[in-house]
Protein chains: 2
Amino acid sequence: MTQQKPVRIVDVARAAGVSVATVSRTLSNPQVVNEATRQTVFEAIRSTGYRVNRAARNLRMQRAGAVLVMVPDLGNPFFSQVLAGISAGFAESDHAVLIADTAGQDAGAIVDHYFRDGRIDGLICLDAGIRAEDLARLAAQGIGDRIVFACEWIEGTGFASVRCDNEGGARLAMEYLHGLGHRAIAHLTGPAGNVLTHVRRAAMQAERRRLDLPARPEWIIRGDFSLASGEAAARQILAMDHRPTAVFCASDMGAFGLIAGLIEGGLRVPQDISVIGFDDIELAGHFLPSLTTIRQDRRRIGETAAELLRARLDRADSRPLPENRLRRIGVELMLRGSTGPAPRSIS
Amino acid sequence: MTQQKPVRIVDVARAAGVSVATVSRTLSNPQVVNEATRQTVFEAIRSTGYRVNRAARNLRMQRAGAVLVMVPDLGNPFFSQVLAGISAGFAESDHAVLIADTAGQDAGAIVDHYFRDGRIDGLICLDAGIRAEDLARLAAQGIGDRIVFACEWIEGTGFASVRCDNEGGARLAMEYLHGLGHRAIAHLTGPAGNVLTHVRRAAMQAERRRLDLPARPEWIIRGDFSLASGEAAARQILAMDHRPTAVFCASDMGAFGLIAGLIEGGLRVPQDISVIGFDDIELAGHFLPSLTTIRQDRRRIGETAAELLRARLDRADSRPLPENRLRRIGVELMLRGSTGPAPRSIS
DNA sequence: ATGATGCATGTAATCGTTTACAAAGCGACT
DNA sequence: AGTCGCTTTGTAAACGATTACATGCATCAT
């Protein structure tokens with residue numbers, strides 16, 4: 001019941017009959033110590049139950065032993081999968097994983113503080129909402145290559161980044177709808193200013209041009225990845241003179257809201273209108289109707305980001321290897337129940 | 001572009017023309033230093049851009065400056081909300097928030113290592129799957145009161161705990177269904193061995209007895225909080241000779257799967273059978289039909305857990321205040337579309 | 001015998017703080 | 001004047017590891 005005092009390295013040294021230096025070396029650089037001594041030391045470590053004090057090691061080695069994951073909204077289930085991947089990717093490493101929610105706070109300042117406090121060695125950023133000047137400051141401090149963006153990224157900067165193949169996803173969706181006979185295809189976008197919004201919409205439009213499909217301004221419907229924005233979009237569509245026969249949504253959540261709204265408005269999905277999402281969140285397969293969508297492996301994005309950052313942290317300061325800046329994780333079309341052949345034209 | 005070396009406390013001392021002790025005191029104990037000196041020091045801190053090195057401070061103060069959140073499955077959106085609350089609760093503190101996914105690993109060992117490595121000062125545990133002997137070891141090390149369980153807990157131990165009012169939730173659900181005329185009420189449970197499974201089922205059964213409702217063994221359907229288990233439960237119900245007219249599910253995910261399965265099997269929800277969930281996850285209001293459920297404020301559970309742990313960390317070692325061990329967060333019945341009056345009896 | 005070489009280990013400085021203790025300055029009181 | 005008390009500040013010893021450097025000892029060529 002009483003607080004037992006922790007074992008220090010000198011206790012191990014005493015138990016093994018060697019100096020602290022030898023114990024330390026046995027732990028960090030085993031091959032330089034004599035086989036017999038090594039065994040003695042390991043035995044002493046085992047019998048004393050020694051564990052190295054991280055604060056001391058970190059202070060001496062001038063490192064933090066931790067990385068930070070900045071999440072725009074921890075409550076959003078989308079990110080939890082990425083987080084799980086990151087956590088798994090660092091499980092074997094001796095870096096701890098810190099999290100911070102940027103919600104409503106100045107992301108740049110937070111990151112700057114964590115770094116300058118010596119609390120973190122690196123950063124995985126799921127939030128591209130950092131101001132350019134903050135980034136410049138970070139890069140100027142020479143820590144630019146210990147930052148990895150995941151899912152989102154910032155155009156025109158040299159930071160490492162892991163993302164899914166957004167363009168490929170949009171292409172898959174459009175080709176598939178086209179193959180089903182759809183010509184009038186609308187797009188429900190993400191929030192304004194978001195890089196994913198931009199890229200997915202641009203790819204969708206490029207593909208529409210390539211397939212020589214008709215375009216109407218009102219068929220690009222502004223959303224924000226949320227359920228509510230999908231429901232709002234449904235109302236807009238219901239009110240249109242020229243309704244699309246299919247909608248490609250930039251997110252599953254938006255697609256869910258859209259479907260709910262359309263059905264409430266009296267349309268049948270997919271008989272009257274097809275809907276396709278993006279993400280493939282867990283519920284997509286169980287929604288009614290189940291959702292055809294572009295699957296991005298969020299867990300793998302997280303794992304890959306962890307891998308990338310670890311590689312950058314491990315090489316300490318040996319200059320080379322600024323390659324491998326961008327990793328694209330493949331996407332997959334998940335065929336389900338929310339899409340079907342285009343209805344016969346009413347015109 | 002060049003790595004600029006960090007400002008140390010001696011740099012500030014030099015800039016202010018005082019000793020390092022004075023600078024340190026100004027930061028940690030301002031009222032003991034003279035007003036004028038204090039101003040000078042603050043100015044020096046500002047002009048040098050000094051930030052205290054956490055590793056050094058932690059080493060000297062024998063603390064870690066961090067807490068750990070153990071999550072059974074980071075990928076599960078249920079926990080991400082709790083995590084968001086915890087993160088918010090520690091935003092103002094100077095404790096960093098570490099996360100670890102216990103998936104497939106020995107939770108007890110992980111916790112023990114984090115503590116003994118001096119990496120954490122406290123723990124919030126969302127996973128009650130720790131072995132009793134590990135807990136005993138932790139308690140023996142005198143850190144028992146720096147552990148807070150959230151959502152789940154372990155019966156018969158003295159650890160602090162934050163949870164929703166599970167019994168009240170079950171009661172609300174049963175009373176409501178009873179009021180709608182339902183008599184044959186089934187229950188879809190959580191996974192075996194889980195404390196939430198046990199408590200919710202026990203409360204449901206107690207309420208059923210109190211309301212003098214009929215009981216049948218097959219109306220207690222084993223689930224595991226997952227979509228798939230809900231779908232399996234639907235198949236069981238469809239095959240029953242005496243079908244219940246309502247099902248109280250221990251989780252929303254289970255309820256979603258159940259509804260999907262029932263509808264697929266030709267039943268109408270809620271006309272033929274009512275379904276009520278537990279949790280109120282975001283999608284509950286947007287599912288088709290929308291899900292009547294017991295809302296538990298997961299974010300607030302997280303915030304409260306953070307609050308409790310902070311209080312325990314702050315009081316350092318002053319013995320008192322082992323009170324306030326248990327906090328129950330209230331639940332709320334969310335009336336939606338998956339429940340309706342009991343169908344007229346067929347018998 | 002002597003010096004060079006190499007391996008294994010020990011000694012002690014160092015990382016950047018906090019804080020116990022000592023000391024200095026200044027009134028006030030006897 | 002001497003003593004005491006109080007406030008404010010400085011000096012230096014921790015905290016617990018890592019590692020540059022020194023040392024000791026064996027081996028081997030000259």
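None of these values were measured; they are calculated from a predicted model. Chain letters run A, B, ... following the sequence lines, proteins first, then strands; residues in each count from 1. Heavy atoms only: backbone and side chains are in, while hydrogens, waters and symmetry mates are out.
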**Student:** Starting at CZ of A:Arg38 and ending at C1' of C:dT9, how long is that distance when rounded to a whole Å?
**Tutor:** 14 Å
**Student:** Is a side-chain donor or acceptor of B:Arg54 paired with a backbone partner of A:Ala64 at a separation under 3.5 angstrom?
**Tutor:** no
**Student:** Ignoring backbone atoms, establish whether B:Gln62 has a side-chain N or O less than 4.0 Å from OP1 or OP2 of D:dG16.
**Tutor:** yes
**Student:** If you look at every strand shown and take non-hydrogen atoms under 4.0 Å, does A:Arg54 touch a base, only sugar-phosphate, or nothing?
**Tutor:** nothing
**Student:** Taking the side chain of B:Tyr50 as its heavy atoms from C-beta onward, which of D:dG10, C:dT17, D:dA17 lies nearest to it?
**Tutor:** C:dT17
**Student:** Pick the closest DNA chain D nucleotide for B:Leu59 and for B:Val33 by heavy atoms, then say which residue is nearer the 5' end.
**Tutor:** B:Val33
**Student:** Would you kindly give the CE-to-P distance between B:Met61 and D:dA14, to the nearest whole Å?
**Tutor:** 18 Å
**Student:** What is the nucleic acid contact for A:Ser24, judged by heavy atoms within less than 4.0 Å: base, sugar-phosphate only, or nothing?
**Tutor:** base
**Student:** Take the protein atom CZ of B:Arg51 and the nucleotide atom P of C:dT17, then report the distance between them rounded to whole Å.
**Tutor:** 12 Å
**Student:** Between B:Asn29 (CG) and D:dT8 (C1'), how many Å, whole number?
**Tutor:** 13 Å
**Student:** Roughly how many Å is it from CZ in A:Arg57 to P in C:dT17, rounded to a whole number?
**Tutor:** 21 Å
**Student:** Out of D:dA17, D:dT11, C:dA12, which has the shortest distance to the side chain of B:Ser19?
**Tutor:** D:dT11
**Student:** Considering only C:dC15, D:dA12, C:dG10, which nucleotide approaches the side chain of B:Val20 most closely?
**Tutor:** D:dA12
**Student:** What is the nucleic acid contact for B:Thr37, judged by heavy atoms within less than 4.0 Å: base, sugar-phosphate only, or nothing?
**Tutor:** sugar-phosphate
**Student:** Nearest of D:dT11, C:dT17, C:dC15 to any side-chain atom of A:Arg60?
**Tutor:** C:dC15
**Student:** Whole angstroms only, please: what is the CD-P distance between B:Glu35 and D:dT9?
**Tutor:** 11 Å
**Student:** Go through it in stages, so that I can follow the logic: the residues are A:Glu35 and A:Gln39, the test is side-chain hydrogen bond (donor to acceptor under 3.5 Å, both in side chains), and I'd like the CA-CA distance, side-chain angles, deciding distance and then a yes or no.
**Tutor:** CA-CA 6 Å; A:Glu35 165 72 19; A:Gln39 293 311 324; 3.3 Å; yes
**Student:** Is it true that B:Glu303 and B:Arg299 make a salt bridge, defined as a side-chain N closer than 4.0 Å to a carboxylate O?
**Tutor:** yes
**Student:** Report yes or no: does A:Asp121 contribute a side-chain atom to a donor-acceptor pair with the main-chain N or O of A:Gly65 at less than 3.5 Å?
**Tutor:** yes
**Student:** Find the distance B:Arg25:CZ to C:dC21:C1' and express it as a whole number of Å.
**Tutor:** 11 Å
**Student:** Contact class for A:Val18 (heavy atom, under 4.0 Å): base, sugar-phosphate, or nothing?
**Tutor:** sugar-phosphate
**Student:** Whether A:Glu43 and A:Arg46 form a salt bridge (side-chain N of Lys/Arg under 4.0 Å from carboxylate O of Asp/Glu) is what I want to check.
**Tutor:** yes
**Student:** Select one nucleotide: of D:dG16, C:dT17, C:dA8, the one nearest the side-chain heavy atoms of A:Asn34.
**Tutor:** C:dA8
**Student:** Distance check needed: C:dA12 P versus A:Ile9 CD1, whole Å only.
**Tutor:** 17 Å
